[in-house]
There are 2 protein chains.
Amino acid sequence: MTRTRPRTLSTSEERRDTVLRTAVETFASRGYYGTTTTEVATRAGISQAYVYRLFPNKEALFLAVVEHAFDLVRDSLARGAAAAASTDPELVLRAMADSYAELISDQNLILVQLHAQAAAAAEPTVREAVRAGYARVVEYVRSVSGASEPQVQNFFAVGMLCHLIVAIDASSVDAPWARVLSAGIKHV
Amino acid sequence: MTRTRPRTLSTSEERRDTVLRTAVETFASRGYYGTTTTEVATRAGISQAYVYRLFPNKEALFLAVVEHAFDLVRDSLARGAAAAASTDPELVLRAMADSYAELISDQNLILVQLHAQAAAAAEPTVREAVRAGYARVVEYVRSVSGASEPQVQNFFAVGMLCHLIVAIDASSVDAPWARVLSAGIKHV
DNA sequence: GAATAGAGTGGTTAATCACTCACTAAGCGG
DNA sequence: CCGCTTAGTGAGTGATTAACCACTCTATTC
């Protein structure tokens with residue numbers, strides 16, 4: 001019997017949390033279909049079977065990941081708004097954008113959103129989660145910034161462009177087209 | 001021997017073309033990882049084995065689909081530019097946007113782009129294809145429209161927002177946040 | 001009317017998938 | 001230290017996957 005290191009149990013709450021966190025990274029790279037539960041389990045340091053004690057199935061795990069990602073986005077925007085120097089809508093939006101740029105420097109969040117967005121068209125449950133996420137975030141940005149509807153729309157349009165830039169790592173491409181797309185976007 | 005309907009052979013060129021076309025639809029709904037070669041074959045009306053005579057492997061098929069999608073986008077923008085009433089950059093861009101809006105009314109093209117974008121981060125070959133696609137399209141829009149760099153950037157930002165709207169079918173959601181996002185975007 | 005080239009398939013394989021179950025070990029209250 | 005609850009796993013399940021190969025059928029050519 002090789003008992004090298006004694007087990008230290010955690011509460012299932014804690015485990016669920018760490019699994020969620022590592023699942024973000026895993027789903028970020030290969031998306032819903034391309035990610036296996038074994039991969040998530042291995043990265044979380046538990047057996048694949050135990051993933052199924054913490055989450056009813058793969059879909060539920062993915063949905064939890066998506067919702068978690070939106071939570072982080074909202075928190076980030078809130079921090080930005082709180083740090084804004086003035087109440088001028090334009091400036092509040094800029095502060096939010098800066099905070100968001102900081103959040104996505106690890107790019108996992110953005111990739112999860114991108115994969116969720118892509119899967120949304122075919123998977124009704126994912127679509128509902130993404131809709132709910134944007135509903136909250138858009139509503140939040142609008143009410144907190146006090147910006148006009150076109151301003152808010154433009155804010156999200158630039159956000160979406162940001163997703164593209166991160167996905168193809170455009171800012172590390174030395175070409176005119178890449179510079180045009182990523183001009184003025186926080187370093188990434 | 002049940003020989004219900006006599007076989008009518010086509011050239012492999014033709015077949016490759018129809019497979020590509022149906023593959024667009026198939027990859028559009030479940031992306032690279034979620035789409036099986038059997039699914040593509042069935043929808044194209046051939047055996048799964050024959051897919052592998054027409055394309056070396058699944059990845060090559062997907063890359064061909066992505067490139068095909070970008071071709072269609074470029075053609076569409078070209079048609080828009082040709083139909084523009086004036087040479088005013090603003091108006092040329094608008095004409096291009098209108099043409100693009102028409103192209104994506106079937107939404108398969110957009111979904112392929114979205115899936116490719118999401119897969120780009122993890123798959124180097126996909127990333128290269130997506131970069132090449134945007135390189136061509138951005139360069140084309142810039143040179144043909146004569147618009148300023150910020151104008152071009154904004155053009156693509158709105159395009160990306162368009163992707164989100166289509167993916168989650170935001171225009172069929174009756175809520176303020178959805179209206180903010182899809183305001184002014186061609187019906188979809 | 002054979003010979004030949006190319007279109008197209010059935011059947012298989014090894015790997016991998018999501019998911020399950022019977023089980024062991026760990027901690028905690030009494 | 002006993003009994004119970006909970007954390008956690010090993011060893012599978014059947015289904016599905018990408019890819020391959022040996023083969024048949026069709027059409028054209030000489």
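Note on naming: letters A, B, ... go to the chains in the order of the sequence lines (proteins, then strands), and numbering restarts at 1 for each one.
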Fill in: Whichever of B/S12 and A/K58 has its nearest DNA chain C nucleotide further upstream toward 5'
B/S12
What is the distance, rounded to the nearest whole Å, between atom [atom1] of [X] and atom [atom2] of [N]?
X	N	atom1	atom2	value
A/Y33	C/dA18	OH	P	13 Å
A/R30	C/dT16	CZ	P	13 Å
A/E13	D/dG8	CD	P	12 Å
B/L54	D/dC20	CG	C1'	15 Å
B/N57	D/dA18	CG	C1'	10 Å
B/I46	C/dG10	CD1	P	12 Å
A/R16	D/dT6	CZ	P	13 Å
B/E59	D/dA18	CD	P	13 Å

Practice prompt. Could you please spell out the steps behind the salt bridge (Lys or Arg N to Asp or Glu O under 4.0 Å) verdict for A/R30 and B/E123?
Written response: CA-CA 9 Å; A/R30 307 191 105 80; B/E123 302 285 340; 3.2 Å; yes
Worksheet item: Should we say atom CZ of B/R127 is surrounded by more than 12 heavy atoms from elsewhere, each under 6.0 Å from it?
Response: yes
Please tell me which of the listed nucleotides, [options], lies nearest to the side chain of [X]?
X	options	answer
A/A49	C/dT9, C/dC21, C/dA18	C/dC21
A/Y52	C/dT20, D/dA18, C/dC17	C/dT20
A/Q48	C/dG8, C/dT20, C/dG10	C/dT20
A/R53	C/dC21, D/dG8, C/dC17	D/dG8
A/Y50	D/dG8, C/dG8, D/dA18	D/dG8

Worksheet item: With sugar-phosphate meaning primed atoms plus P, OP1 and OP2, does A/T36 contact a base, only sugar-phosphate, or nothing at under 4.0 Å between heavy atoms?
Response: sugar-phosphate
Worksheet item: Within the modelled atom types, does a donor on one side and an acceptor on the other bring the side chain of B/R15 and the base of C/dG8 under 3.5 Å apart?
Response: no
Worksheet item: Just checking, is any N or O donor in the side chain of A/E102 or A/S76 under 3.5 Å from an acceptor N or O on the other one?
Response: no
Worksheet entry | N/O (side chain, B/T37) to phosphate O (OP1/OP2, D/dA18) under 4.0 Å | yes
Discussion item. Quick check: do A/R79 and A/Y100 have side-chain heavy atoms less than 4.5 Å from each other?
Written reply: no
Worksheet item: Is any NZ, NE, NH1 or NH2 atom of the basic residue among A/R136 and A/D71 found under 4.0 Å from an Asp or Glu carboxylate oxygen of the other?
Response: yes
